[in-house]
Amino acid sequence: MLRVTGKRLALLIPTLFGLSVLLFAWVRALPGGPATALLGDKATPDAVARINEVYGFDRPLLEQYFVYMGRLLRGDFGASIVTGRPVVEEFLTRFPATLELALVALVFAVGVGVPLGYVAARHRGRTLDHSSVVLSLLGITVPVFFLAFILKWLFAIRVPLFPADGRQDPRIDATHYTNFFVLDGLLTGEWDAAWDAFLHLILPGLALGTIPLAIIVRITRASVLEVQSADYVRTARAKGLTRRLIRGRYIMRNAMLPVVTTIGLQTGLLISGAVLTETVFAFNGIGRFLRDAIFNLDYPVLQGFIIFIALAYSLINLLVDLSYSLIDPRVRVQ
């Protein structure tokens, strides 16, 4: 297990190196140069010259790259053009909101998708199976922002069961240590604040988790259909093993490998794809901050977000690889 972990972590080095080269080339290929892109409408000749001197854009490219890499290795991603605060500080402030939202969406997608996919496979060709296939297709085809608007209109405006936007009611004077609002409320004993923060996560979490739910249902269904017709499952039935044992140890355990891969990929997409959902629900997370950075041409923020997503995907893939060895002992042998 430790050897596999070490190998996967070692693969991060060429991945991040290649990404750093692409980001470095991208910024320097911007129209008018990076200084003009950073200044925008305020790009006077004197201002451009001053930015080139401050950021070292007038130095040789190789020297610029080594300086750039040194800053990345120190965790210095620069400062936001809009707020003036360090990019790392901005992300640490907003990341807990997006992570809370992604966790709710993931629990919803996995908690509903895996059982529904399994039940659909068990009742192949029946009404339940056809209904799950139709619902999964509908979940994939409906845009996230449209579903978010529908959920907001139905359950926050038409029938006000849940809050319409934000992370917490501004009238609640809550204490925040970690910026995970639900966790902070539980740690401080402010149960009303924790419950209110959880209610604010329901609608955006459902909207964000719909597409992963639909994909997980389809992958689980296909995987269970393939495994339950395998020779070792028929042998287990012939030996007289109980249905519960066959379903748990022989079918679901072997069918979970592609499902775990799908869950890992969808987890990364939840973090990187929260832009539209956070915008609709005015949810102050990374996705909304990234949207503002795109409109304001805040390139330091965009670079930091890209590197962050690359790290997130790499770590999620590492967890998926490690989970393989827990699900299937043959992977440990290999």
Anything under 3.5 Å between a donor and an acceptor, one on a side chain of residues 151-162, the other on a protein residue two or more places apart or in another chain? List them.
residue, atom, partner, partner atom, Å
K152, NZ, V280, O, 3.0

Do T210 and V144 touch side chain to side chain, with heavy atoms closer than 4.5 Å? no
Suppose clustering is done on Ile, Leu, Val, Met, Phe, Trp and Tyr with side-chain heavy atoms closer than 4.5 Å. Which residues sit in the same group as L137? V133
Quick one: are Y177 and L183 in side-chain contact, heavy atoms under 4.5 Å? no
Parallel, tilted or perpendicular: which fits the ring planes of Y65 and Y68, with parallel below 30° and perpendicular above 60°? tilted
Is there a side-chain contact between F95 and F308, using heavy atoms and a 4.5 Å cut-off? yes
Is the CD atom of E89 crowded by more than 12 outside heavy atoms at less than 6.0 Å? yes
H176 vs F181 aromatic rings, parallel, tilted or perpendicular, using cut-offs 30° and 60°? parallel
Could you tell me whether the side chain of T220 and the main chain of V217 form a donor-acceptor pair under 3.5 Å? no
Backbone of A193 reached by a side-chain donor or acceptor of Q168 within 3.5 Å: yes
Among residues at least two apart in sequence or on other chains, which ones pass side-chain contact (heavy atoms from CB on, under 4.5 Å) with F146? V142, P143, I150
For the CG atom of L225 and the CD atom of Q228, what is their distance to the nearest 0.5 Å? 5.5 Å
Check R234 with D231, please: is the shortest side-chain N to carboxylate O separation under 4.0 Å? yes
